[in-house]
There are 2 protein chains.
Amino acid sequence: MLSQIAASEDLVFFRPHQFLTREHDRPEALYDILEGWACRHRLLPDGRRQITALYLPGDLCDPMWSLAPTCHEPVIALTNVRATRKSLVDPSTIDRHKGFSSRLAESVERQSNWLVSLGRKTAVERLAHLLLELFERMRRAGLAYGQQCALPLTQTDIADATGLTAVHVNRTLQSMRSKGVLELHSKWLRIPDLGALRDLAALGPHDAL
Amino acid sequence: MLSQIAASEDLVFFRPHQFLTREHDRPEALYDILEGWACRHRLLPDGRRQITALYLPGDLCDPMWSLAPTCHEPVIALTNVRATRKSLVDPSTIDRHKGFSSRLAESVERQSNWLVSLGRKTAVERLAHLLLELFERMRRAGLAYGQQCALPLTQTDIADATGLTAVHVNRTLQSMRSKGVLELHSKWLRIPDLGALRDLAALGPHDAL
DNA sequence: CGCATCTTTGATCTGACTCAAACGCCGTGG
DNA sequence: CCACGGCGTTTGAGTCAGATCAAAGATGCG
């Protein structure tokens, strides 16, 4: 019995670019991310890439897997990742997971926000929105220090999440930096004025992150 | 007891532009759509609009509502809508609903597809993708007749779903018509060659709709 | 030190947007 | 029956945000 418990919830590690799941896999476990970042994405036949979700410390990767038999998009680590495996074969470890369905709801809500961003927002608005969201998630995970947090994404990653090109992300970030609404160097994000960045993000007054 | 049952699942009707739910509502019922189309959308402060989901006959509106206490986006009827109300207060009507979690999974999967579309696809690809998806959904609902089906969206609706402008949708549809890959007049869609349209949609060989 | 990855810069191009107006369709009311 | 107004579609001309192509600096790691 003890070995059972150990097998159904244990520590795993991933290196950057390593797959947590491949396309068309039948995931038999969820990952509770303790440290590091990962993303889910899709590749078009000609190489265009779109990141469809980011997983941060504290996130469950991925809540959807408990509903669908197969996952349709690969998930890869962006940094070194340390996580605990929650076996799906033994469903009790899932059901017992605190706030499970609210995590699912949150992640779907975020997808909806991204949809609006990609469909209708400008480059500045998309970047403001994304960085605000990531900062807020890091803050909730207890990983923000004052107005700053780690942000281990390359500009190419940011481009693939926001539906822009890396070149344009670079230029847009520069102009935002020069306006003083954010600082971002060597994988650290600092937001001097949350409110100012919020205004740039074209969020409704009621929209949470 | 009989009156209880009647109250927890009954017929409702909506007219075009009428709200099925408003923003920040606490939905206390799901709608099983029998006839007509509806959509969920979001309005930015300056009037830009993005449709984040379309509900067709046979769809449940909205599976998410059983997970989250409040809904963050309004849902409105696009045509006359006839639906049955599944009370959320009496959860038994939900749990008993056949394939409930698979419907939720489907709708999230679709959101992911839209995300890729809005983030990385051209106008032609987005339109091909959307029309293909809608045709396929109508077909599964038993509402396609050969290679055609009803499509009661205005070009403005299509624009708000694909993240384009109505003018550009108009011009792009014209060029697609002239190439013979689709016919679309007076709310009817005909797809002479599914395969040809699929190629235009930049889908991977494994992507379902 | 050397190679790979990431960031930055410059020049040019284009898909999609904007603005504006005309046209068609249809239901309504005189 | 027709005039009217509202909505959706179509067309044209001009503009712009963001893409593309190319190359030069940084940065970092084995």
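First the proteins, then the strands, lettered A, B, ... as listed; each starts at 1.
Taking 4.0 angstrom as the limit, A/N170 places none of its side-chain polar atoms (N or O) nearer than this to OP1 or OP2 of C/dT7. A/Q174 has no side-chain polar atom (N or O) that falls below the 4.0 Å cut-off from OP1 or OP2 of C/dT7. Here B/R177 reaches the OP1 or OP2 of D/dT10: one of its side-chain N or O atoms lies under 4.0 Å away.
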### Message
Before you tell me yes or no, could you show the steps for A/E133 and A/L54 under side chain to side chain contact (heavy atoms under 4.5 Å, CB included), namely the whole-Å CA-CA distance, both residues' side-chain angles and the distance that decides it to 0.1 Å?
### Response
CA-CA 11 Å; A/E133 176 192 313; A/L54 285 167; 6.0 Å; no
### Query
Can you list the steps and then say if A/L127 with A/L200 is a side chain to side chain contact (heavy atoms under 4.5 Å, CB included)?
CA-CA 9 Å; A/L127 289 171; A/L200 282 185; over 6 Å; no
### Message
Run B/H72 and A/E109 through side-chain hydrogen bond (donor to acceptor under 3.5 Å, both in side chains) and show every step you take.
### Response
CA-CA 8 Å; B/H72 300 174; A/E109 169 71 7; 2.6 Å; yes
### Query
Could you run down nucleotides 22-29 of chain C 5' to 3' and tag each one B, S or - for protein heavy-atom contact under 4.0 Å?
--------
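Taking atom CZ of A/R48 as the reference point, atom P of D/dA19 lies 12 Å away to the nearest angstrom. To the nearest angstrom, P of D/dG8 lies 11 Å from CG of B/D160. The distance between atom CZ of A/R15 and atom P of D/dC29, rounded to the nearest whole Å, is 12 Å. The CG atom of B/L173 sits 8 Å away from the P atom of D/dT10 (whole-angstrom rounding). Counting to the nearest Å, the C1' atom of D/dT9 and the NE2 atom of B/H168 are 16 Å from each other. Rounded to an integer number of Å, the gap from CD of B/Q155 to P of D/dT9 is 4 Å. D/dA26 atom P lies 19 Å from atom CG of A/L184, rounded to whole Å. We find that CD1 of B/I158 is positioned 12 Å from C1' of D/dT9, with the value rounded to whole Å.
Ion pairing between a basic and an acidic side chain is recognised when a charged N comes within 4.0 Å of a carboxylate O; A/E106 and A/R137 show no such pairing. A salt bridge links B/R139 with B/E136: the closest approach of a Lys/Arg side-chain nitrogen to an acidic carboxylate oxygen falls below 4.0 angstrom. A salt bridge links B/D160 to A/R120: one of the charged nitrogens lies within less than 4.0 Å of a carboxylate oxygen.
Among C/dC17, D/dT20, D/dT10, the nucleotide with an atom closest to any side-chain atom of A/V167 is D/dT20. Out of D/dT20, C/dC17, C/dA20, the shortest distance to the side chain of B/T165 is found at C/dC17. The side chain of A/T154 lies closest to C/dC6 when the candidates are C/dT9, D/dA13, C/dC6.
For DNA chain C, the neighbouring residues in residues 116-126 of chain B, judged by any heavy atom under 4.0 Å, are B/T122, B/A123.
Summarising the local packing, CZ of A/R177 is surrounded by more than 12 heavy atoms from other residues, nucleotides or ligands at distances under 6.0 Å.
Aromatic pair A/F14/A/Y31: ring centres closer than 6.0 Å.
Of the listed residues (B/H41, B/R42, B/E73), just one forms a side-chain hydrogen bond (donor to acceptor under 3.5 Å, both in side chains) with B/T52, and that residue is B/E73.
Under the 30°/60° scheme for interplanar angles, the aromatic rings of A/Y145 and A/W188 are found to be tilted.
The base of C/dG15 lies outside donor-acceptor range of the side chain of B/R171, with no N or O pair under 3.5 Å.
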